[in-house]
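Residue numbers begin at 1 in each chain, while the letters A, B, ... track the order of the sequences.
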Amino acid sequence: MILYDYVLSASCYKVRLMAALLGTPLTLRAVNFHPGREHKSPEMLALNPKGTLPILQDGDTVLTDSADILRHLTADHPEWQSSDDDRWLDFASDLNDSLGLARLHDVIGYAADIDTARAAGVTALRKLEAHLTEQRFEGLIFLTGKTPTIADIACFPNTALAPDGGVSLDPYPSIRLWMRAIRSLPGFIEMPGIHRLHELAHPA
Amino acid sequence: MDWVAVALTEDVPPGVVIPSRIEDTDLAIWCTPSGRYHAWSDRCPHRGMRLSHGFVRGETLACIYHGWQYNETGSCDYIPAHPKLTPPDTICVPTYTCAEEGGVIWVSLTDTDRPLPALGGRTPVRSLPVNMSAADLAAHFGATTFTTIAVVSDVDVLLAVQPCTGGTCMVHALAAAEADRSSVSHWLENLRATLEGVPA
Amino acid sequence: MNAAIDNHWYPVAMITGIDAPRETLLLGKKITLGREDGTCWVLDASGAELPTVERFGHLWTSPGQPNRDLFTIPEADNPGRRLVDVGSVKVKCSPLRAVENFLDIAHFPFVHTDILGAEPHTEVDRYDVKIREEVDEVWATKVKFYQPQAAKSAAGGITTEYMYRVPAPTCSVLYKTCPPRPGEWDIITLFVQPLTDEWCEVWPWMALYDDDSTMSEMVSFQQLIFMQDRSILENQIPRKLPLDPGMEVPTQADMTSVAYRRWLKKIGYTYGAQLVAA
Ligand SMILES: N[C@@H](CCC(=O)N[C@@H](CS)C(=O)NCC(=O)O)C(=O)O
Ligand code: FES
């Protein structure tokens, strides 16, 4: 499987992270999204007329939406799916339109109504915090239950990267513990702005 | 200065560090693997990095930037760039008085001999940020102090309010042990919507 | 108007990225830049034309009267090098904090884990630092560090040697061991545009020997590294760089940053600096 990838994209990271957790090998093709705007080049538009990343190519199948790609990667892994996933995949797309946009604005100068994007991001984080708090009342740590599913993987990147767009994560204890649970999963990989758990390494 | 609730113990399990603040003072609150809580200035003496971004390793708090490790007294024990060096005693993080009581982590920025606030046997429910100053929130309930505010309405709740900056605060809510935490949580969301004047 | 600050050259754009005229900030003041018939121009807020230089793939300008030419990097002209426009990233920190972080190697194992450094290889050996009076630049040489993946072109861990150079207050050039060509140096720069004293736009640029990686891979590698730094830079307190000793604690590994701060003080470069302990 080939992933057309941009190293700083939260949506591409969803795919890299999911594949790493599954142990599924991916061939990465680096796309110069910034500053090259290579995702809008004729070759890339031929593959994805929307001109967005990520793009996953698996034989003749070409998928251009991270939610579809997560479903595709876990097609043979029912343990990574739940009946509640759809609602959270939609929510992940709200996170991308709010926190994700604020981040692109603050980091690489994307045009955005930054106050609106951040305010929508805070509203989304409050919803996420309320839900995860309810889950903890039931002794559950992930979005849909005891174990993680594609819902968690879809919502994690833009949440964890919120500070890049000037939105603080400090006041959300349940989100913090949920992110920690994801960072503790075997096979977890990081991206810039999301640290691994250094406490797990052993000093000299 | 009186005690201020800065977090619920459930939200700071052993081996975890979190950012917090009391007005203009940035804090790193952390719990050692053996379960002791500490409240420190959230600034590494080396290059000013926030210690709340760091990690707990053994009974030390390490800074994420260059990995300097600080023992429980706040003194620097280990500098990875100079592994053979014993760091001078002068390298240390300012620490604050910190205590755990009733599932709440309390901090006082100055030495205090005041007793910890009485919680009336209530247990923690959750913490949530509110866009309103701690003083205004206390005034809303007719209380003279925000350390703890007992609210008896359709639910019996105690709010321990932490003043933050820019007209915001964190509300740490406790309720009777037998209360349904989920309904208290919903009640809190509605309270916040009322206080902020925007729908939940 | 402060000559010690204004009379320097500052990067304000990547030349290939200039299409329509656009506004940006330099030292807290609005400027406009664009390109006409292949030549770049910059105007200040009053519409007066500012001097320009096009070099290292970037457009440079100055709000003052620079008393010397923009620095050069003669080695970058050697044939066989690939010149990489990395693009810019904005960071909420002092431009001086961004440069200082670039001069630091002790953070590699913790911030660029398994790429530029890894525990337990954390030790920083003594190296040489001096202010070269004849050119008025800060230089650090014989800097050595063990790196798991020193460059996109590196296969496995090596001990990398570095030289650091600060030719202007908000710019740094590093020369590092080049995995495919022992004996040559790769060149990686950090050009920092001070938007304000607590907000900057960082333009990394590279001149590398690498015949295997695609341009996109080289760009990705450097953006990955710099974005790891950004999460540190936005969380240092204070945002400005303290120039007076006492507020922060340097060790032997920080000799380059100590020299950098001393040099800034000597030349009176105080933009983005904190002078009295707050
Ligand atoms: N719905 C998409 C959104 C992905 C997305 O926002 N991609 C960004 C990069 S991070 C993009 O390609 N933007 C280009 C554009 O919008 O023109 C998904 O999750 O797959
Ligand atoms: S800033 Fe904390 S170790 Fe360097």
Could you tell me which portion of [X] (side chain, backbone, both or neither) has an atom closer than 4.5 angstrom to a non-hydrogen atom of chain C?
X	value
B:Asp42	backbone
B:Arg43	side chain
B:Ile64	both

Checking heavy atoms, do the side chain of [X], its backbone, both or neither come under 4.5 Å from chain B?
X	answer
C:Glu100	side chain
C:Asp125	neither
C:Pro250	both
C:Pro238	both

Review point. Between C:Glu234 and B:Arg50, is there a salt bridge with N-O shorter than 4.0 Å?
Key: no

Check your understanding: Are B:His66 and C:Asp104 side-chain neighbours, meaning at least one heavy-atom pair lies under 4.5 Å?
Key -> yes

Exercise for review: With the side chain counted from C-beta on, respond yes when B:Arg47 and C:Ile232 share a heavy-atom pair under 4.5 Å apart, and no when they do not.
Suggested key: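 B:Arg47 does not reach C:Ile232 side chain to side chain.
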
Spacing of [atom1] belonging to [X] relative to [atom2] belonging to [Y], to within rounding of 0.5 Å:
X	Y	atom1	atom2	answer
B:His53	C:Ser231	NE2	OG	8.0 Å
C:Thr122	B:Tyr78	OG1	OH	4.5 Å
B:Ile79	C:Thr251	CD1	OG1	5.5 Å

Point to revise | Heavy-atom pair count under 4.5 Å with chain B, highest-scoring of C:Gly117, C:Pro109, C:Ala253 | key: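 Most heavy-atom pairs under 4.5 Å with chain B: C:Ala253.
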
**Study point:** Option that, when pairs with chain B are counted at under 4.5 Å, heavy atom only, ranks first among C:Asn235, C:Leu241, C:Val111
**Key:** C:Asn235

**Study point:** Minimal non-hydrogen separation, C:Val124 against B:His82, with atom names
**Key:**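 Looking at all heavy atoms of both residues, the closest pair is O-CE1, 3.9 Å.
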
Check your understanding: Distance-only, no hydrogens or angles: does the C:Glu123 side chain make a donor-acceptor pair with backbone N or O of B:Pro83 under 3.5 Å?
Key -> no

Exercise for review: Could you label the plane-to-plane angle of the C:His107 and B:Tyr65 rings as parallel, tilted or perpendicular, counting under 30° as parallel and over 60° as perpendicular?
Suggested key: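 Taking B:Tyr65 first and then C:His107, their aromatic rings stand perpendicular (interplane angle over 60°).
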
